[in-house]
Amino acid sequence: MPHATTRQRIMLELAQNRKSENGTPQSIPSYFSCNCFNDRVMRERLPKEVYKKLRATIQRGEKLDMSIADTVAHAMKEWALSKGVSHFCHWFQPQTGLTAEKHDAFIEVDEEGAVIERFRGEQLVQGEPDASSFPSGGMRSTFEARGYTMWDPSSPAFIIEGPRTNILCIPSVFISYTGEALDKKTPLLRSMESLSQAALRVLRIFGNSVATRVITTAGTEQEYFLIDKAFFNLRPDLRSTGRTLLGAMPPKGQQMEDHYFGSIKERVLAFMQDTEIELYKLGVPVKTRHNEVAPNQFEMAPIFADANVATDRNHLTMEVMKKVADRHGLALLLHEKPFAGVNGSGKHNNWSLSDSEGNNLLEPGKTPEENLQFLVFLAAVLRAVYYYGDLLRASIASANNDHRLGANEAPPAIMSVFLGTQLSAILDAIKSGRAAKITEEYIIDLGVSKLPAILRDYTDRNRTSPFAFTGNKFEFRAIGSSASVSLPNVILNAAVADSLEIIVAEIEKELGKQGDFNTVVMQVVRKHIRESESIRFDGNNYSIEWEQEAARRNLPNIKNTAYALDALVAPKNVEMLTRQRVFTIGEIESRYHTKLEQYIKTLEIEADTLLHMINLMVIPAAIAYQAQLVGAIRGLRDLAELAGEVSCSGEVALLKQVTNAIEVLRSKGEELIRALDKVDGIDDASRKAKFIADHIVPLMSGLRKPADELEHIVADDLWPLPRYSEMLFMI
Ligand code: ADP
Ligand code: MG
């Protein structure tokens with residue numbers, strides 16, 4: 001190929017089919033968790049008494065006994081040094097960005113000027129990064145720049161391998177000098193505590209005096225795209241926004257549906273396996289991998305863990321994936337909608353509750369009594385989604401996720417709950433039940449006693465619901481692929497805790513009036529099943545009929561982040577969140593402002609990048625093609641003069657099309673620039689975000705159209721941007 005363009009050269013290289021070398025496979029148990037300061041290592045390396053105290057802290061969520069900190073730090077350091085670690089860092093989750101780390105070497109200089117490696121208890125427990133550059137959403141005034149990181153012993157420390165030496169990462173919370181949460185982990189830990197307390201109250205009224213804690217469990221299914229890094233590098237939009245702002249649909253998209261669960265291509269498999277090896281070393285039990293619906297889209301899922309650890313592991317997973325992809329010459333796209341018109345990526349958050357004895361509280365039991373308890377938890381979740389659906393919607397809101405929610409493959413922005421035919425039938429029976437006294441037979445008649453059998457072989461799995469009951473857990477599917485699962489879990493935990501407390505209080509009050517426990521519980525459950533009925537929906541959530549039905553049911557359907565975020569500061573929501581002690585008012589407002597800011601910045605960067613690409617890439621390519629056409633028309637006209645009967649009407653028609661598209665691009669570009677100027681003039685962040693949603697977003701899609709039309713007509717060797725058909729199908 002004599003004049004191959006960069007794009008064409010990449011495609012030729014891809015065809016050379018780089019094979020990855022095959023290492024000798026090792027059994028997973030032989031190296032699993034080798035870079036993780038887990039329970040086994042602690043037991044081996046700590047004096048028995050210290051180990052017992054630390055374990056109590058971890059298991060019972062107790063405060064760390066500071067007298068053991070030095071011993072733990074020393075053991076951790078010795079372990080780390082044996083693994084080639086030179087530096088440690090407090091690893092935390094500020095409100096923007098995924099994770100943050102500031103490295104410090106273990107070294108100290110002694111009086112003789114020699115260097116020794118030391119790690120003190122206070123260094124393990126507390127760090128003091130300069131907090132001034134992290135977003136606080138206006139919570140901290142600038143003169144109060146101090147923030148602390150504090151070790152979270154409930155999530156194990158781990159080692160990240162560097163190119164030369166390794167780094168010991170200590171999962172930490174990040175709080176301000178005055179004790180307010182600046183991060184995503186603190187509220188999660190608080191919400192897990194609230195939920196534990198509320199759930200224990202339920203267990204107690206059911207006579208359980210054994211359980212000491214209730215743990216929120218989470219399993220995160222991570223979707224992502226992989227494309228060749230060379231394509232990625234050629235696209236300014238992917239580089240600066242994570243998604244393609246332009247790009248014509250390929251002749252073959254995902255219509256054939258031949259990718260889902262298809263055999264995994266070798267280059268991708270090599271990436272997946274290397275990622276898994278890295279994650280196994282860190283103690284992340286990734287279990288499942290498969291092709292997703294869209295071409296070059298995949299999924300990876302771990303075995304669930306307590307929600308705090310699961311959240312940390314998901315952060316780690318995203319980081320490791322990015323690193324390994326890069327090593328393989330691939331670009332990892334975690335964006336919720338990297339390609340318009342193609343399936344987007346989400347992160348399913350499987351969520352349940354487990355007591356300290358390991359019993360899953362969303363698993364129906366064997367006896368009618370146990371099933372009654374299950375129904376209380378179920379009613380609480382329904383109540384939580386019914387009252388706080390708007391807040392759950394806000395918790396998953398981002399500029400990225402706006403492209404995905406409500407697109408034809410993702411759950412809509414309407415929060416509803418799927419329960420499945422049989423469980424729904426039981427709830428309907430309970431709802432309409434008139435019996436005053438709830439006898440054993442009555443429970444059996446309702447089908448409640450048969451719950452486990454029914455749920456075990458449930459067959460109707462609705463994949464379109466944003467929030468689905470899947471046998472013994474709920475699956476919150478509306479979370480975006482690049483997002484932290486922290487806030488959605490915080491909101492869910494807080495709302496369910498609140499509902500449990502209300503339900504328990506109602507049961508206790510009724511029990512004071514009348515004696516029969518089953519009858520009282522059933523009455524309260526029935527009340528909440530009735531009240532929350534409108535959020536139950538088992539049909540196709542992607543359909544227009546559901547949107548209409550949801551409107552009739554008065555369910556909120558907030559299509560974009562700018563409006564969805566209002567729920568974060570709605571009085572009823574602020575009341576609940578503060579009542580549950582997961583946020584202070586200041587902390588909520590700070591999240592609200594940070595999220596608005598992120599939305600605004602994301603869209604501003606996207607708009608600027610789009611204009612840049614139109615002006616510097618698309619229009620020049622069109623002009624080059626225009627020049628070719630003009631040359632051809634001129635030549636053909638000359639020829640016609642000489643020889644007669646030569647038509648150039650095709651070329652003229654094409655020229656008109658190209659010229660027209662350039663004109664439209666120019667005028668729509670100017671319009672976008674004028675609108676962006678207006679954005680600058682708006683002070684209030686919420687108004688600004690709403691203006692962007694209402695005006696900038698539509699202008700951007702309007703600007704995209706003529707560019708995508710040009711992609712279909714401009715000569716291939718003049719088109720500078722990798723196409724969808726290349727990025728999505730070549731790897
Ligand atoms: P799917 O069919 O949606 O892929 P899976 O059964 O594979 O569902 O489970 C998906 C995720 O749910 C996994 O990460 C799994 O570990 C997690 N999961 C299973 N049980 C629980 C639970 N009790 N709590 C939280 N997550 C769970
Ligand atoms: Mg799933």
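Given the structure is predicted, the values throughout are model-derived calculations rather than measurements. Order of listing sets the numbers, starting from 1, for every ligand and every atom in it. Values below: all heavy atoms of this structure, side chains included; hydrogens, waters and symmetry mates excluded.
On a distance-only criterion, F304 and ligand 1 share at least one N/O pair closer than 3.5 Å. Taking any N or O of N350, backbone or side chain, at least one lies under 3.5 Å from an N or O belonging to ligand 1.
Among H348, K473, K287, the residue whose heavy atom sits closest to atom 5 (P) of ligand 1 is K473.
Judged purely by distance below 3.5 Å, without hydrogens or angles, the side chains of S486 and T311 never pair a donor atom with an acceptor atom.
Between E223 and R477 there is no salt bridge, since none of the side-chain N atoms of the basic residue sits less than 4.0 Å from a carboxylate O of the acidic one.
Shown in contact with T217 at under 4.0 Å from a heavy atom are these atoms of ligand 1, numbered in order with element: 22 (C), 23 (N), 24 (N), 25 (C). Close approach of ligand 1 to P302 (heavy-atom distance below 4.0 Å) involves ligand atoms 13 (C), 14 (O), 16 (O). Annotation for ligand 1: atoms under 4.0 Å from non-hydrogen atoms of E475 are 3 (O). Interface atoms of ligand 1 facing I303, defined by a heavy-atom separation under 4.0 Å, are 16 (O). Per-residue contacts place S352 under 4.0 angstrom from the following atoms of ligand 1 (heavy atoms of the residue considered): 22 (C), 23 (N), 24 (N). Every atom of ligand 1 with a heavy atom of N360 under 4.0 Å away is listed here by number and element: 23 (N).
When non-hydrogen atoms are compared, ligand 1 lies under 4.0 Å from the side chain of R463 (C-beta onward) but not from its backbone. Contact annotation: for L362 versus ligand 1, there are no heavy atoms closer than 4.0 Å.
Residue contacts with ligand 1 leave out T288, since none of its heavy atoms falls under 4.0 Å from the ligand.
Between F339 and F225, the distance separating the two ring centers is shorter than 6.0 angstrom.
In this pair, H328 and F271 present their aromatic rings perpendicular. The plane angle is above 60°, beyond the 30 to 60° band.
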